[in-house]
Each structure stands twice: as structure tokens, then as C-alpha cells.
Asker: 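Attaching a single structure in C-alpha cells format; questions to follow.
Positions are given from 1, in the same order as the sequence printed here.
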Amino acid sequence: MSARRLVMLLALVGLSAYMYLRPAGSANPPREFGGSTMGTTWRVVLGEYRSEASPDALQRGMDWLQRDVDSLLRDVNAIMSTYDSASELSRLNASSRLDSVPVSAELARVLRQSLDVYEASGGRFDVTVGPLVDAWGFGPVARPDGAPGDAVLDSLRAFVGSDKLRLGAGFVQKLHPAVRIDLSAIAKGYGVDRVSDLLLARGFANHLVEIGGELRARGRNARGAPFRVGIEEPDPDAVRVRLAVELDDRALASSGNYRNFYEQDGVRYVHTLDPVTARPVQHRLLAVSVLHAECALADAWATALMAAGPERAWTLAQDNTLDVLLLVDGGDGTVRERMTPGFEAAVRRLSQ
């Protein structure tokens, strides 16, 4: 599969970070496989490895590995999906209990990561923001005829806010019965981490994992070099790669505001909401990419920084030692790049 085909394949599901791969040119070319999960797609690319198995035996091994990854992701979905009414998270959301509710270790871990980013970002990452998303017309319910007024937003604030959750050792407590948790801004990244851990445990130390545009690489590609992925141009009318990034045992997650929006009464409303103001953001930050050791945290921070806006996002990145790229509307038809030294060190322009 050519680099162009990989870019286009991932573009079909609306991603902002793309695989950018070149032909392996080795005796053992990379094995790629994937499937569907969490309303999007997943993909694994295996890098450097040696095998004495026959081609048929090697293919059977890859088939088994694919089934194992599918099974793992079904388990993650059965815990964290808000679309499956039988999932652990859906059952927690449906409960009106105000006492402590036991939760699985996996759900507790993701909630802990979510609350940590909520606190570190000054509330810009908030897994209880779902009712606001619905009110502004970006959820599964029908878009409202007009923007919600202050009275509506004030009423929703009574049960929106991660400060209305308490997390203990193996339990969670809602402080309002209507609190609803949505992990869509961190669950894909967590799934990437889990798949990467599975591959490592099975002896595949060199691999790239992608779910819905969130990625994590370990080791080297088939050429013995770091895996390279691309970040797209923030253009709502075209799909093209702006720059490439080398993932040297790191994860990459991106978030953008340049495609998912609507206009009403002459006002543009983007899908990113600032939980602090309860309104769609109005700043010039078009897209954010975050490099991190864990994909779950890269995923969460990309959302938080996108909500914060260009100046606040830069400050948060400095305060939390994050390696980030900010793509900012220059106001004259240009896009301005602002990146931390750690991110810049990983950038490879497409001519390189």
C-alpha cells in the first residue's frame, strides 16, 4: 500500500494525523492489519522482525494476532462505550445512585487520567461535558433551532463538571444523579495503549498502532528507522499532509476545529466547547498535536489545548512539560505554526 493510499484511507474517517509510510524494501516487509472499533477504524503496522516460519504459517500467526487485537478492543468498548446500553459506563451513567459505585480497574484508570488532566488543564478537559455538546447540536440529538440561552446553560452547569465526580480505590461517586460521563476524547488513545502493550507482550517490539487517528509507535519500522506519520493541513476543503513527525517510542494525538462546525444566523459554531464558558470556542487555534509517552494522555491533552485557545494552550503546554504543535489562523489566509522544541525535534519536512 502506497503512502498516498494510507493517507487517503485514514482521511476517509476524518482524521487529523495520518500514517506516512514508505516501501519497506526488506526481506521481511511490514505486516499490516486492522478492523473497526469505537465507531472508527484501527490499524497495526509491524516493523522490524525476523521469522523462520513459512509464509503460510506467518499469515496464520498474523490472523491470530488480529483476532486477539479485535477481542481486546471489544473488551475496551464493552467498558467505555456510550452507544452500548449494556456497557459498564452506560450502566454507570444510567444510575442515579449518589453513593460509591464499584468500577473495573480499567474504567478507574481512565477516569483517573481524565480527572488528572481536568485539574492540570484548569477544567478544559471535562468528561462530563456531554449535555453541553447536545445542547449546542454536536451530539446525537437534533440540532436546536437556536443557540441555547444563558438560562439553559446555567441549568446544565448543575450537573456538568468533573468536580462532580469522586474517584477512590475501585469506585466512583457522582455528586449529582444526572452527571453523565463520556470518554470519547480519551478512550481511543487508551485503546491504542492497550493494543501496543499486547503487541509488546507477544514479542512484537517494533510496531505502530492507530485508532481513529490517535497513534503510538514502539521500536523501529521495517527499515530500522523510527516510524513516520503525517499531520494534515488544517484545510476544510482539501486533504493533504503538512509535515511529517518521527515517533521515537512515543504517541501522537491531534484535535482540530476546521471541519466539524455549522453556521446559524451568521455565526459559526465549532464542535470544540470550552467547559469553563459552556460555549463553543471562538479563538484562532485551528488544530493541536501532542506528543506523549502515553496515547491516552496525548488524546486528552489535545482536546484540552484545543478548548483553551492559542495563548492559554501554549501556557498549559509549558506548565505541564508537553511537546505540542499549534496551528493558528494567521488572519490573512495563512496558517502559523508554533511548536515546542521537543516537538520541533521530531518534525521531518516532507522533502526530508
Asker: Within 45° of the axis and under 6.0 Å from the centre of the six-membered ring of W136, does NZ or CZ of R279 qualify?
Answerer: no

Asker: Does the side-chain contact (heavy atoms from CB on, under 4.5 Å) test come out yes or no for S184 and T82, once each step is laid out?
Answerer: CA-CA 8 Å; S184 59; T82 55; over 6 Å; no

Asker: Shared ILVMFWY cluster between V209 and M62, side chains joined below 4.5 angstrom?
Answerer: yes

Asker: Check whether Y118 and I186 end up in the same hydrophobic cluster, where Ile, Leu, Val, Met, Phe, Trp and Tyr are linked by side-chain heavy atoms less than 4.5 Å apart.
Answerer: no

Asker: Between the side chains of D63 and R67, is the shortest nitrogen-to-carboxylate-oxygen separation below 4.0 Å, so that they form an ion pair?
Answerer: no

Asker: Atom CD1 in I211, atom OG1 in T40: separation rounded to 0.5 Å?
Answerer: 8.5 Å

Asker: Atom CG of L89 and atom CZ of R180: how far apart are they, to the nearest 0.5 Å?
Answerer: 10.0 Å

Asker: Taking atom types as modelled, find out whether S289 and S254 have a side-chain donor-acceptor pair closer than 3.5 angstrom.
Answerer: yes

Asker: Among D197, D248, D249, find the residue that satisfies the salt bridge (charged side-chain N to carboxylate O under 4.0 Å, His left out) test when tested with R218.
Answerer: D197

Asker: Shared ILVMFWY cluster between L115 and V101, side chains joined below 4.5 angstrom?
Answerer: yes

Asker: I'd like to know if E210 pairs up with R216 as an ion pair, taking the criterion as any Lys NZ or Arg NE/NH1/NH2 lying under 4.0 Å from an Asp or Glu carboxylate oxygen.
Answerer: no

Asker: Before you tell me yes or no, could you show the steps for V239 and E232 under side-chain contact (heavy atoms from CB on, under 4.5 Å), namely the whole-Å CA-CA distance, both residues' side-chain angles and the distance that decides it to 0.1 Å?
Answerer: CA-CA 7 Å; V239 176; E232 81 167 357; 4.0 Å; yes

Asker: Looking at residues at least two apart in the chain, or sitting in another chain, which of them share a ring-ring contact (aromatic ring centres under 6.0 Å, His included) with F159?
Answerer: H176

Asker: Charged N to carboxylate O below 4.0 Å: is that the case for E311 and R284?
Answerer: no

Asker: Has E106 got a side-chain atom pairing as donor or acceptor with V76's backbone, closer than 3.5 angstrom?
Answerer: no

Asker: Walk me through whether R312 and T315 qualify under side-chain contact (heavy atoms from CB on, under 4.5 Å).
Answerer: CA-CA 5 Å; R312 180 60 179 160; T315 300; 3.9 Å; yes

Asker: Any side-chain heavy atom of M339 within less than 4.5 Å of one from V347?
Answerer: yes

Asker: Nearest 0.5 Å please: distance from the OG atom of S90 over to the CG atom of D84.
Answerer: 6.0 Å

Asker: Determine, using the 4.5 Å side-chain heavy-atom cutoff (strictly less than), whether V195 and L65 are members of one ILVMFWY cluster.
Answerer: yes

Asker: So do the side chains of L92 and V172 get within less than 4.5 Å of each other, counting heavy atoms only?
Answerer: yes

Asker: For a side-chain contact (heavy atoms from CB on, under 4.5 Å) check, start with the C-alpha distance between V290 and D323, then their side-chain angles and the critical distance, and finish with the verdict.
Answerer: CA-CA 6 Å; V290 178; D323 289 331; over 6 Å; no

Asker: Supply the atom-to-atom distance Y83 OH to N77 CG, rounded to the nearest 0.5 angstrom.
Answerer: 11.0 Å

Asker: Can you tell whether the side chains of E32 and R43 come within less than 4.0 Å, N to carboxylate O?
Answerer: yes

Asker: How many angstroms lie between CG in L183 and CE in M80, if you round to the nearest 0.5 Å?
Answerer: 6.5 Å

Asker: If only side-chain N and O atoms count, and only distance matters, is there a donor-acceptor pair under 3.5 Å linking W301 with N320?
Answerer: no

Asker: Under 3.5 Å, sequence neighbours excluded: what are the donor-acceptor pairs made by side chains of residues 292-299?
Answerer:
from	atom 1	to	atom 2	distance (Å)
H292	ND1	E294	N	3.1
E294	OE1	Q113	NE2	3.3
D299	OD2	G189	N	3.1

Asker: Is there a continuous path of hydrophobic side-chain contacts, each under 4.5 Å between heavy atoms, that joins L167 to V117?
Answerer: yes

Asker: Between D75 and R194, does any NZ, NE, NH1 or NH2 come within less than 4.0 Å of an OD or OE carboxylate oxygen?
Answerer: no

Asker: I need the T272 OG1 to N257 CG distance, nearest 0.5 Å.
Answerer: 3.5 Å

